[in-house]
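No hydrogens, no waters, no symmetry mates; every other heavy atom, side chains included, goes into these values. Lettering of chains follows the sequences in order, A, B, ..., and the numbering in each one begins at 1.
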Amino acid sequence: MCLGVYGRVVEVGADIATVDLGGGIVKEVMVGVEQLREGDYVVVHAGVIVSKLSREEFLHVLKHIEDSAETLSGTGTLPLEWLESIRGRVKALSALLEGGGDQEVV
Amino acid sequence: MDMQDGPDLRSLSKAVFRDQDLASDIIKIINGYWDLLRRRGVEEVKIMNFCGTHEYTTSHYGIRSVLPSGVELVAGPGCPVCITPSFYVEASIRLALDGITLYTYGDSYRLPAVREVEGCGSLSEARMMGADVRVVYSFLDAVRNAREHGRPSAFLAVGFETTCPAYATPLVAQMVPPNLSLIMAGRLTPPAARFAVENVGTVAGVVAPGHVSTVIGAGSWQFLPGEFGIPTVVAGFEPIDVLIAVAMVLRQLATRTIRLEVEYSRAVTWEGNRTALTRLSEAFDVVEAPWRGIGFIENSGYRLKPRYSQYDAFEQYGLQEPTRTSWVTDLLPGCICGQVILGMAKPTECRLFMKNCRPGTPYGPCMVSAEGACSIWARMGARATITGV
């Protein structure tokens, strides 16, 4: 029931904002966060914006994966070639998130 | 460059957090930490989630099938529809049959009552009997509709902290018309999580709910590592999110660094959503409240503040909420939803599962909602254990 849908803010009013939820669905929802701006990416739940998405933090999650792999490698449990492969993948996905990747996003 | 102006985060989210090669990498990491734990003599790690959407992701993407056999993911109290006491459904049916226009969400529309009201066992049955019951996407839709027609109306308001700002926001903004009142059944998750880990006793790790935490803040889960020594990771809802959360829990156990971590930091902050929290505290008092199949849990329910009594259906229509003394367990005979909700039993351990109780003809509350563990297991064909892989 706490399903949240990611959307992009199209228009901001006092209490109501218009959000593009993708797939041609545009809805008026209640503004539930501070300092909402047009173009912000948000989480919408039950007709309310409950959170703004942070692009920087997408990268942070990938860093978690790299850190976990490095810690594990330090114990000798993860082969070095696997660690290198994980580092490569995290780097490629990070570039994609930052807009510098050449991978096609479907 | 303004980071918000980069590529579309919605499609990127799917591209990154459903990346199969990345999933393979994380599974290698999970296996690595599990090897470390096994060398130390650990035979089983039970990780509990507190969100139906996590259970959905886990079952839908077959995550249990790719984890080491000793790592078990358990569904905890994460479905607000499942835990809504029968009393609120019965009261809603009564009002609907008395001519009040009754609004609710699709899940609670089908939620069965333990005691039928004039032959109606759910709001959907009341509608079949001619009552004016309307399914809406949000409270805002009900606000607009009730304002248009002007007739006495009530909203069966279920949900956790993620959903309750949807009630508080129009109330505080004075958008709710005087003919619309709330049958407030909103609940708070951390008190139920505390109840579950105290009663289940064998929870070694927790995947905490991401969207609830967008509102209440990740810091609300500090008591799990702090008081119970349980590694806790606030996680998102894509398959990669859940896999990372499992890896982070195992890493904490393996490196003996028990703490609260936030995997879903792209949407969750430590403090939560100040706007939503302020509105919640303006609109509601936090009170001891009943949970279906479980009973009363302290500080686990939202009740409208007296200043909003004109919108309180209990006040408006003289409904008496159950008390500890009047409370009787509200599960039908043979139903073990109370144990399923607390993670003490798996859906497949219920003798009624996929026999008397199916998604099309639910008997217990966990088979009704799309977020109910039984419904998810039934629809995804999940099994208690996976062998021969």
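The parts of B:Ile29 that come within reach of chain A are both its backbone and its side chain, each placing non-hydrogen atoms under 4.5 angstrom from that chain. Contacts between B:Ile244 and chain A at a heavy-atom distance below 4.5 Å involve the side chain alone, from C-beta outward. The contact between B:Pro170 and chain A is made by backbone and side chain atoms together, counting heavy-atom distances below 4.5 Å. If you measure heavy-atom distances from B:Arg144 to chain A, the contacts under 4.5 Å come from the side chain alone. Contact of B:Ala166 with chain A is made through backbone and side chain together, with heavy-atom distances under 4.5 Å. For B:Ser13, the parts sitting under 4.5 Å from any heavy atom of chain A are the backbone and the side chain alike. No part of B:Val136 comes within reach of chain A, as not one of its non-hydrogen atoms sits under 4.5 angstrom from that chain. When heavy atoms are compared at a cutoff of 4.5 Å, B:Asp21 approaches chain A by way of both its backbone and its side chain.
Judged by a 6.0 Å distance limit and a 45° cone about the ring axis, B:Arg266 is positioned over the six-membered ring of A:Phe58.
Rounding to the nearest 0.5 Å places OG of B:Ser11 at 12.5 Å from OH of A:Tyr6. In this structure, NE2 in A:His64 is found 3.5 Å from CE in B:Met248, a value given to the nearest 0.5 Å. From B:Ser265, atom OG reaches atom NZ of A:Lys63 across 13.0 Å, with rounding to the nearest 0.5 Å. Interatomic distance, CD of A:Glu57 versus OG1 of B:Thr269, reported as 10.0 Å (0.5 Å rounding). Taken to the nearest 0.5 Å, the CZ atom of A:Arg8 stands 9.5 Å off from the CG atom of B:Leu9.
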Starting from the C-alpha separation in whole Å, work towards a yes-or-no answer on side chain to side chain contact (heavy atoms under 4.5 Å, CB included) for B:Lys28 and A:Leu72.
CA-CA 10 Å; B:Lys28 286 174 188 162; A:Leu72 199 56; over 6 Å; no
Yes or no on salt bridge (charged side-chain N to carboxylate O under 4.0 Å, His left out) for B:Arg10 and A:Asp20, after CA distance, side-chain angles and deciding distance?
CA-CA 11 Å; B:Arg10 291 165 300 187; A:Asp20 179 355; 3.7 Å; yes
Under the side chain to side chain contact (heavy atoms under 4.5 Å, CB included) rule, what do A:Lys27 and B:Leu140 come out as? Steps first, then yes or no, please.
CA-CA 12 Å; A:Lys27 271 193 90 76; B:Leu140 187 61; over 6 Å; no
Going through the checks in order, is the side chain to side chain contact (heavy atoms under 4.5 Å, CB included) test met by B:Val16 and A:Leu62?
CA-CA 9 Å; B:Val16 173; A:Leu62 294 174; 4.1 Å; yes
Is there a side chain to side chain contact (heavy atoms under 4.5 Å, CB included) between B:Asp25 and A:Val90 once you walk through the steps?
CA-CA 10 Å; B:Asp25 290 341; A:Val90 165; over 6 Å; no
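Counting heavy-atom pairs under 4.5 Å between each of B:Ile26, B:Asp35, B:Leu22 and chain A puts B:Leu22 at the top. Ranked by heavy-atom pairs under 4.5 Å with chain B, the list A:Gly47, A:Ala69, A:Ser85, A:Ser68 is led by A:Ser68. Interface remark: of the candidates A:Thr71, A:Leu78, A:Leu83, A:Thr71 forms the most heavy-atom pairs closer than 4.5 Å to chain B. Residue with the most contacts toward chain B among A:Val48, A:Val5, A:Val33: A:Val33 (heavy-atom pairs, distance under 4.5 Å).
Looking at every heavy atom in both residues, A:Ala46 comes nearest to B:Thr163 through CB-CG2, 4.2 Å. Nearest approach of A:Val61 to B:Phe17, heavy atoms of both residues: CG1-CE2, 3.7 Å. Across all their heavy atoms, A:Met30 and B:Thr169 have their closest contact at SD-CG2, 3.8 Å. Contact detail for B:Thr275 and A:Gly32: the closest heavy-atom pair is CB-O, 3.4 Å.
In this structure the side chain of B:His211 never reaches within 4.5 angstrom of the side chain of A:His45, judged on heavy atoms. A heavy-atom distance below 4.5 Å is not found between the side chains of A:Leu3 and B:Tyr56. Counting heavy atoms from C-beta on, the side chains of A:Glu34 and B:Asn273 never come closer than 4.5 Å.
The side chain to side chain contact (heavy atoms under 4.5 Å, CB included) check on B:Ala267 picks up A:Val43, A:Ser51, A:Leu53, B:Thr214, B:Tyr264, with sequence neighbours excluded.
The environment of B:Arg40 atom CZ is dense: over 12 non-hydrogen atoms of other residues, nucleotides or ligands sit within 6.0 angstrom. For A:Glu81, the CD atom counts as densely surrounded, since its 6.0 Å shell holds more than 12 non-hydrogen atoms of other residues, nucleotides or ligands. By the neighbour-count criterion of 12 heavy atoms within 6.0 Å, atom CZ of B:Arg18 is densely surrounded, having more than that number from other residues, nucleotides or ligands.
Taking non-hydrogen atoms and a 4.5 Å limit, the residue list of residues 9-18 of chain A in contact with chain B, ordered by number, reads A:Asp15, A:Ile16.
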